[in-house]
**Student:** 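Just passing along the structure, written as C-alpha cells.
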Amino acid sequence: MPELRVCALYPELMNIYADRGNLLLLQRRCEWRGISFTLLRSDLGDELDPEAADLFYIGGGQDRDQRLCALDLAEVKRDALHAAADRGAVVLAVCGGYQLLGHSYQLGDEQLPGVGLVDLHTVRSDGPRLIGNVAIEVELEPGRPRVLAGFENHGGRTHLASSATPLGRVLRGHGNNGEDGLEGVRRGTVIGTYLHGPLLPKNAWFADWLMAAALGLTGPLDPLDDELEDAAHREARRAAGVS
Ligand code: GLN
C-alpha cells in the first residue's frame, strides 16, 4: 500500500487560522484512496530527518512564535530541510512559515534568520496589515492555469529576488507585498504562500497536486467525489470576487 508521510513543524506554535486543517485534509484524502498516512511532528530542539517524510509542513504564526521557530530552523533544522528539498520532498509553508523559508524576516531593528530555501526576504511594515480574501492564478502544469483561493492576514511584506518564481499572480487581494501583483513562491516542490483558510480544504485540487508530487507520482491520483470540496472552492473564490 502506498504511504504518505507528513512531518508538521511546530504544529502548536505555527497554527494560526486553523492551518492544521491542511493536515486533516491530506489525511482524509489519503484514507479515502487507500493510501496509508503517517503524521510526524518536529518541535523546537528536535533534529529533523530529511528522509523521514515526503512532505514537510509549516503553518502560519504570530511574530513572537515565529521568532522562536526562526532561530530553531536556522540552528537545528536548516541542513535537513535543504536535504529534504534536494531529494524532491514537498515543503509547504503558509504565511508565517512561508516568511521563514527565505533569507530573513526583518522585524524593526531585529533580523530573524530564514532557512534560505528560496530567494526572498520579508520586512515587517508599519503600514496596514494586508488582510482579506484572496485569489491567485497559478500554473503548476504549463498551459493549465488554475485558481487558488483563500484568506490572508500579514504585516510582513515579502519581496522575491529576480531569480525566484512566484507561486501565482494575484487576481484579488494583496499577495506578497500589496505592490507587485505576485503571490507566494515556488522552487520545484518547495512552495510558500500567504493563503490561509485553511488553504487545502478550499483548494482540494491543490492538495492532490501536492500529494502526487510528494508520492513521486507522474499520473493523477484516483478521483474522489469532490462535491463538497468543489463547493468550498467556489465559495472561497466568490468571497474573493472571482467566480
Ligand atoms: N506574523 C506574520 C505577519 O504578520 C505572519 C502572520 C500569519 O501567519 N498570519 O506578517
Side-chain angles (χ1 to χ4, degrees), residues 8-25 41-44 56-74 77 81 91-136 148-160 164 166-168 170 172-186 190-203 206 236 239-240:
L9 275 66
Y10 321 110
E12 263 98 44
L13 289 173
M14 300 296 276
N15 174 40
I16 213 168
Y17 296 116
D19 281 339
R20 191 182 284 131
N22 291 325
L23 300 173
L24 271 177
L25 181 123
R41 60 185 291 158
S42 186
D43 290 286
L44 294 176
F56 293 83
Y57 174 71
I58 319 177
Q62 317 257 8
D63 288 348
R64 65 171 179 275
D65 295 325
Q66 273 178 280
R67 183 174 285 112
L68 298 171
C69 297
L71 299 175
D72 187 71
L73 279 171
K77 300 182 176 55
L81 269 180
V91 179
L92 172 66
V94 174
C95 200
Y98 164 39
Q99 294 169 340
L100 301 182
L101 287 192
H103 298 299
S104 58
Y105 181 25
Q106 187 76 38
L107 279 165
D109 294 339
E110 188 183 12
Q111 187 174 71
L112 301 183
V115 279
L117 271 178
V118 281
D119 207 0
L120 58 85
H121 72 281
T122 301
V123 180
R124 184 73 149 90
S125 162
D126 292 334
R129 295 185 69 79
L130 304 181
I131 304 178
N133 294 301
V134 49
I136 66 172
L148 283 178
F151 174 78
E152 64 182 328
N153 181 354
H154 49 109
R157 269 59 166 172
T158 295
H159 302 275
L160 268 53
L167 174 61
V170 174
R172 289 284 196 288
H174 304 286
N176 282 341
N177 49 54
E179 285 171 6
D180 62 16
L182 305 178
E183 207 292 315
V185 71
R186 178 177 176 208
V190 178
I191 304 241
T193 177
Y194 273 112
L195 272 61
H196 297 279
L199 170 70
L200 300 185
K202 289 183 174 177
N203 301 280
F206 184 54

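Both ligands and their constituent atoms are indexed starting at 1 by order of listing. When reading the values below, keep in mind they use all heavy atoms of this one structure, side chains included, and skip hydrogens, waters and symmetry mates.
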**Student:** Among all residues two or more places apart in sequence or in another chain, which pass the ring pair (Phe, Tyr, Trp, His ring centres under 6.0 Å) test with His121?
**Tutor:**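 His121 satisfies ring pair (Phe, Tyr, Trp, His ring centres under 6.0 Å) with His159 only.
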**Student:** Which residues pass the side chain to side chain donor-acceptor pair (under 3.5 Å) test with Asp63, not counting sequence neighbours?
**Tutor:**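 Result, side chain to side chain donor-acceptor pair (under 3.5 Å) vs Asp63: Tyr105, Arg124.
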**Student:** Is it the case that the side chains of Tyr10 and Asp72 hold a donor-acceptor pair, with the cut-off being a distance below 3.5 Å and no angle test?
**Tutor:**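 Short answer, yes.
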**Student:** How would you list, by chain and number, the residues with a heavy atom under 4.0 angstrom from ligand 1?
**Tutor:**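 For ligand 1, the residues that come within the 4.0 Å heavy-atom cutoff are Ile16, Gly60, Gly61, Gln62, Asp63, Gln66, Cys95, Gly96, Gln99, Tyr105, Arg129, Asn153, His154, Gly155, Gly156, His196.
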**Student:** Restricting to ring pair (Phe, Tyr, Trp, His ring centres under 6.0 Å), what partner residues turn up for Phe56, sequence neighbours left out?
**Tutor:**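 Listed in chain order: nothing, the list is empty.
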**Student:** In Å, rounded to the nearest 0.5 Å, how long is the span from CG of Asn153 to CZ of Arg129?
**Tutor:**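 If I round to the nearest 0.5 Å, the distance is 4.5 Å.
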**Student:** Consider only side-chain N and O atoms of Thr193 and Glu183, and report whether a donor and an acceptor are under 3.5 Å apart.
**Tutor:**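 Short answer, yes.
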